[in-house]
Amino acid sequence: MPASTSVKLNTGAEMPTVGLGTWKSKPGAVEHAVEFALKNGYKHIDTAAAYENEKEVGLGIKASGVPRESIFLTTKLNNPDQRNPAAALQASLEALQTPYLDLWLMHWPAPMTKDMKADKEYDWLTTWKDMEKLYQENPDKLKAIGVSNFSVKFLERLLKEAKVVPAVNQIELHPSCPQQELVDYCVSKGIVVTAYSPLGSDNSPLLTNPVVKKIADKYSVSPANVLISLQANRKSVTVLPKSVTNERILANAKIIDLTEEDISDLFAIDKTAHFRACHPGWTGFGSLGFPDCE
């Protein structure tokens, strides 16, 4: 299928396909990255309380001069805040200097204590129910809610009790971690998928993959363009390339249409070179239902 420029959420809202990711983008650099991206055509910015840069992202949005209503803004509920999402939501709105969020995600189904230890006395499903309540009672502050790092197993548990179907599930997606079964499951339930780490995360290991390079040469684009475009060519998938460099921010926005053969060749990389950069084991809750982590 040809690459999308936006996808429709189950709320009816349009979410721009390509967004600027800000994980590991440091204060001092991230303000400029957000400002530059918005001034140069990006309409979708993704951050999180855990990234400790919401304030700076907010400053970048303000400095861009782009009207707030023209921007799709996502942030996430931090794991240690799962017992009190209402206070966390307010803190995020204040840090970002915004009256509302277009999307608020539960960052991980992994409640934690303030010192980042697994809080096994608390159930993330209770947090989701609190998020639903906040969403239903504050339509002026929350346009959509969703999840991040949820496997099929965890989504099945959520959907059995949910009053609100998550609008989005944000997960790691790239040719060495395509997670097609999870993507298909989300799409079947009307949940849009957002791909993080499309280049394979730290040091972008997939940029030097011979299959990626061959397809990049075919279209006279960079390997990064191929990897980002792969996600934009998937049904109901949006993607978050991240950079604080002007040149790369501009380059990452270039999306190309890929053929079925291109996509098959890219997905075949997983058969011989599978990896997951962000393993859920760090949370203290094991595999979180991801088959390749069990």
Side-chain angles (χ1 to χ4, degrees), residues 21-24 46-52 74-83 85 88 103-131 145-162 166-187 189 191-206 231 237-240 242 267 269-270 273-294:
T22 62
W23 181 47
K24 293 189 176 175
D46 180 275
T47 184
Y51 302 167
E52 299 183 343
T74 302
T75 194
K76 308 176 192 80
L77 174 70
N78 203 2
N79 299 341
D81 295 327
Q82 288 212 17
R83 285 179 181 260
L103 178 63
W104 191 40
L105 305 177
M106 182 190 296
H107 206 151
W108 290 85
M112 290 184 175
T113 60
K114 292 296 174 196
D115 57 356
M116 298 302 286
K117 299 280 193 299
D119 182 0
K120 296 193 173 173
E121 306 294 306
Y122 204 70
D123 188 349
W124 60 263
L125 192 55
T126 304
T127 304
W128 178 255
K129 289 172 180 175
D130 288 342
M131 288 175 70
I145 55 172
V147 295
S148 181
N149 300 298
F150 267 62
S151 61
V152 171
K153 187 175 170 184
F154 278 54
L155 284 169
E156 284 176 340
R157 180 172 180 237
L158 183 149
L159 291 173
K160 272 181 191 152
E161 296 199 38
V168 167
N169 182 20
Q170 186 176 127
I171 54 174
E172 179 176 341
L173 286 185
H174 47 73
S176 287
C177 190
Q179 304 204 81
Q180 192 61 50
E181 186 189 344
L182 176 51
V183 173
D184 289 343
Y185 180 84
C186 288
V187 173
K189 302 296 181 184
I191 302 168
V192 164
V193 174
T194 295
Y196 71 73
S197 299
L199 311 186
S201 199
D202 291 348
N203 304 317
S204 308
L206 288 161
Q231 306 307 329
V237 176
T238 63
V239 58
L240 299 172
K242 66 185 180 64
F267 282 158
I269 292 170
D270 184 55
H274 176 82
F275 69 86
R276 182 185 286 270
C278 199
H279 194 286
W282 75 272
T283 63
F285 285 92
S287 70
L288 292 182
F290 290 102
D292 61 323
C293 300
E294 285 170 356

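Position 1 is the first residue of the sequence; numbering continues from there.
- Looking at heavy atoms from C-beta onward, P166 lies out of side-chain contact with F150 at the 4.5 angstrom threshold.
- Here the straight-line distance linking atom CG of L182 with atom SG of C177 works out to 9.0 Å at 0.5 Å rounding.
- In this view, K114 and P80, D81 satisfy the side chain to side chain contact (heavy atoms under 4.5 Å, CB included) rule, not counting sequence neighbours.
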One pair to check against side-chain contact (heavy atoms from CB on, under 4.5 Å): V187 and V183. What are the steps and the verdict? CA-CA 6 Å; V187 173; V183 173; 4.3 Å; yes
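- Shown here is E121, whose CD atom has no more than 12 heavy atoms of other residues, nucleotides or ligands within 6.0 Å.
- E161 pairs by the salt bridge (Lys or Arg N to Asp or Glu O under 4.0 Å) definition with K129, not counting sequence neighbours.
- With a 4.5 Å cut-off on side-chain heavy atoms, P85 and W104 count as touching.
- The two residues L206 and P175 make their nearest non-hydrogen contact at CD1-CD, 3.7 Å.
- For residues 172-185, no pair satisfies salt bridge (charged side-chain N to carboxylate O under 4.0 Å, His left out), with sequence neighbours left out.
- With sequence neighbours left out, the ring pair (Phe, Tyr, Trp, His ring centres under 6.0 Å) criterion links F275 to H174.
- Scanning for ring pair (Phe, Tyr, Trp, His ring centres under 6.0 Å) contacts around F290 gives an empty result, with sequence neighbours left out.
- Going from atom CH2 of W23 over to atom SG of C278 covers 5.0 Å, rounded to the nearest 0.5 Å.
- Side-chain contact between W124 and N79 is absent, with no heavy atoms from C-beta onward closer than 4.5 Å.
- Taking all atoms of both residues into account, the shortest heavy-atom contact from A195 to V237 is CB-CG1, 4.4 Å.
- The minimum heavy-atom distance between G289 and K153, with the atom names listed, is CA-CD, 4.1 Å.
- K189 meets the side-chain hydrogen bond (donor to acceptor under 3.5 Å, both in side chains) test with no other residue; sequence neighbours excluded.
- Under a 3.5 Å cut-off, the side chain of K242 and the backbone N or O of D46 do not form any donor-acceptor pair.
- Under the ring pair (Phe, Tyr, Trp, His ring centres under 6.0 Å) criterion, F285 pairs with no residue at all, not counting sequence neighbours.
- Rounding to the nearest 0.5 Å gives a distance of 6.0 Å between NE2 of H107 and CG of N149.
- One finds the CG atom of L158 at 7.0 Å from the CE atom of M106 (value rounded to the nearest 0.5 Å).
- Among pairs with a residue in residues 280-289, none fulfils side chain to side chain donor-acceptor pair (under 3.5 Å), at least two apart in sequence or across chains.
- With sequence neighbours excluded, the residues forming a side-chain hydrogen bond (donor to acceptor under 3.5 Å, both in side chains) with W128 are E132, listed by chain and number.
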For L173 and V193, run side-chain contact (heavy atoms from CB on, under 4.5 Å): C-alpha distance rounded to whole Å, both residues' side-chain angles, the deciding distance at 0.1 Å, then the answer. CA-CA 9 Å; L173 286 185; V193 174; 3.7 Å; yes
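- The side chain to side chain contact (heavy atoms under 4.5 Å, CB included) search around P178 returns R234, F267, D270, not counting sequence neighbours.
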Test T74 against L105 for side-chain contact (heavy atoms from CB on, under 4.5 Å), laying out the working first. CA-CA 8 Å; T74 302; L105 305 177; 4.0 Å; yes
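- For the atom pair CD of Q170 and CH2 of W108, the computed distance is 10.5 Å after rounding to the nearest 0.5 Å.
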Between L77 and Q82, is a side-chain contact (heavy atoms from CB on, under 4.5 Å) present by the stated rule, with each step listed? CA-CA 7 Å; L77 174 70; Q82 288 212 17; 4.3 Å; yes
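- Shortest non-hydrogen contact noted between A48 and T75 is CA-OG1, 3.2 Å.
- In this structure, G200 and P205 approach most closely via the heavy-atom pair O-CD, 3.4 Å.
- Side-chain atoms of K76 come within 3.5 Å of backbone atoms of T47 as a donor-acceptor pair (strictly under, hydrogens ignored).
- Checked against C186 for a side-chain contact (heavy atoms from CB on, under 4.5 Å), the options V192, N169, V152, V147 give a single hit: N169.
- Of the charged side-chain nitrogens involved, none lies within less than 4.0 Å of a carboxylate oxygen, so that R83 and D130 do not count as a salt-bridged pair.
- Checked against side-chain hydrogen bond (donor to acceptor under 3.5 Å, both in side chains), R157 has the following partners two or more places apart in sequence or in another chain: D123.
- Taking all atoms of both residues into account, the shortest heavy-atom contact from L103 to I145 is CD1-C, 3.9 Å.
- If you take CD1 on I171 and OG1 on T194, they are separated by 9.0 Å, rounding to the nearest 0.5 Å.
- Within a 6.0 Å sphere centred on CD of Q180, heavy atoms belonging to other residues, nucleotides or ligands number more than 12.
- The side-chain hydrogen bond (donor to acceptor under 3.5 Å, both in side chains) check on T126 picks up nothing, with sequence neighbours excluded.
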